[in-house]
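Notes to accompany the following structure.
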Amino acid sequence: MTRGELQRATKERFHSPRYWLPQLRMTQEQYLTQRNNIQTSENQYVYKIGIYGWRKRCLYFFVLLLMILLLVNLALTIWILKVMNFTKDSSLYLQSSRNVTVSIRDSQDQTVTQLNTGSEAIEARGKRFEVNSNTDKLLFSAEDSEVVVGADRLRVLGAEGAVFEKSLETPLIRAEPFKELRLESPTRSLTLEAPKGVEIYAEAGNMQATCRTELKLESEDGEINLEARNIKLPRLPMGSYTSSSFTQQNVFEVCACPNGKLFLSQAGVGSTCQISSSVCL
């Protein structure tokens, strides 16, 4: 057989259905076999998703424990509210064997206001402290510059009275009924000042002004009036006079020196202050 005949026979065999049908059958059988093997392997390796076994039982136990803790916490909260009597109309009670401190801090963690209560004292720290009545009327306020008492009446019940280190500004000072009022400065001077005047009344008793060195009554633009039925100046010095004239009349006039010193001079037809002016020297 020649070479050309051999190629022609091979080509006809390759294109012949008899050659391809067995090959196709083998390929389909192999495909089905591989598919069955793959399905079998997939059925053998099935992965379950979730929590099973002892892990599931532990999870249920922790959930149950958490629910029990929540119920106990709620019961304790209700019991505390009932015991402490917390309602919208009740007061807040804080009880402690030691001091109780309430502090308010700003955004920079600095104390702005602080209230400290203890067995010995109550201390409040802040820029301003106010006490108001139930009608929102100011009763007391304190700050660095001033202290204001807004009550209609301020009573000082101490046996030693009230002590003020510096000045006191008030429209009225009076004592309790049947008690005396004393304005006293043991080591310094006592000054009463007012733009329109100072009035001192003793309606049911005597008024006494006592000092160790000098007592000055000064009026720059007005006058000093002593209005009384009897005005007594028992210790004024007397000017020069004759004993014979003194026995005849017991009448004197009050004279004033240029320096303000007062003295008595024998009364006459005219003023005798100039005669007795030697007292002013």
Side-chain angles (χ1 to χ4, degrees), residues 99-106 110-233 235 256-262:
N99 298 346
V100 176
T101 302
V102 179
S103 301
I104 299 177
R105 299 179 179 273
D106 56 5
Q110 295 181 356
T111 303
V112 178
T113 305
Q114 187 178 65
L115 179 63
N116 186 9
T117 60
S119 58
E120 296 181 356
I122 298 177
E123 297 180 358
R125 297 179 182 179
K127 295 182 179 180
R128 182 178 176 85
F129 177 75
E130 291 186 0
V131 178
N132 297 326
S133 64
N134 54 358
T135 59
D136 202 16
K137 179 183 178 181
L138 180 64
L139 299 179
F140 178 82
S141 67
E143 53 185 339
D144 294 338
S145 60
E146 64 179 1
V147 175
V148 178
V149 179
D152 296 335
R153 179 181 298 178
L154 174 64
R155 299 180 61 185
V156 180
L157 303 178
E160 299 296 331
V163 179
F164 301 94
E165 295 182 358
K166 295 184 178 180
S167 61
L168 173 64
E169 181 179 354
T170 177
L172 177 63
I173 299 177
R174 66 180 180 183
E176 290 292 327
F178 307 104
K179 293 183 180 180
E180 63 179 9
L181 174 65
R182 296 181 61 184
L183 302 178
E184 182 180 3
S185 178
T187 58
R188 294 292 185 270
S189 61
L190 179 62
T191 304
L192 301 178
E193 295 181 356
K196 293 185 178 180
V198 178
E199 297 181 358
I200 302 176
Y201 291 101
E203 297 179 357
N206 300 327
M207 184 181 67
Q208 182 178 357
T210 305
C211 65
R212 187 173 182 82
T213 55
E214 295 181 358
L215 176 64
K216 295 181 179 180
L217 300 177
E218 182 179 355
S219 178
E220 296 179 356
D221 298 331
E223 59 184 7
I224 299 175
N225 296 326
L226 300 177
E227 297 180 1
R229 180 176 298 178
N230 296 320
I231 298 177
K232 297 182 179 180
L233 302 173
R235 296 182 181 181
C257 300
N259 57 4
K261 185 177 181 180
L262 299 179

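The model shown is predicted, which means the values in this text are computed figures rather than measured ones. Values below: all heavy atoms of this structure, side chains included; hydrogens, waters and symmetry mates excluded.
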Could you verify whether a donor N or O on one side chain and an acceptor N or O on the other, from Ser167 and Glu169, lie under 3.5 Å apart? no
Look at atom CG of Asn225 and say whether more than 12 heavy atoms of other residues, nucleotides or ligands are closer to it than 6.0 Å. yes
Shortest non-hydrogen contact from Val198 toward Glu193: CG2-C, 4.1 Å
Checking Leu190 now: which residues fulfil side-chain contact (heavy atoms from CB on, under 4.5 Å) with it, not counting sequence neighbours? Leu183, Ser185
Leu181 to Arg174 - nearest heavy-atom pair and separation: CD2-CA, 4.0 Å
If only atom types and distance count, is the side chain of Thr111 paired as donor or acceptor with the main-chain N or O of Thr113 below 3.5 Å? no
Counting only heavy atoms not in Glu199 (residues, nucleotides, ligands), do more than 12 fall under 6.0 Å from its CD? no
For Asp106 and Gln110, indicate whether the former's side chain and the latter's backbone hold a donor-acceptor pair under 3.5 Å. yes
For residues 149-156, dump all side-chain donor-acceptor pairs below 3.5 Å to protein atoms at least two apart in sequence or in another chain.
from, atom 1, to, atom 2, distance (Å)
Asp152, OD1, Lys137, NZ, 3.1
Arg155, NE, Glu176, OE2, 3.3

N/O donor-acceptor pairs under 3.5 Å from side chains in residues 116-129, not counting sequence neighbours:
from, atom 1, to, atom 2, distance (Å)
Asn116, OD1, Thr101, OG1, 3.3
Thr117, OG1, Val100, O, 3.2
Arg128, NE, Glu130, OE2, 2.5
Arg128, NH1, Glu143, OE2, 2.9
Arg128, NH2, Glu130, OE2, 3.3

Out of curiosity, Cys257 SG to Leu262 CG, how far, rounded to the nearest 0.5 Å? 8.0 Å
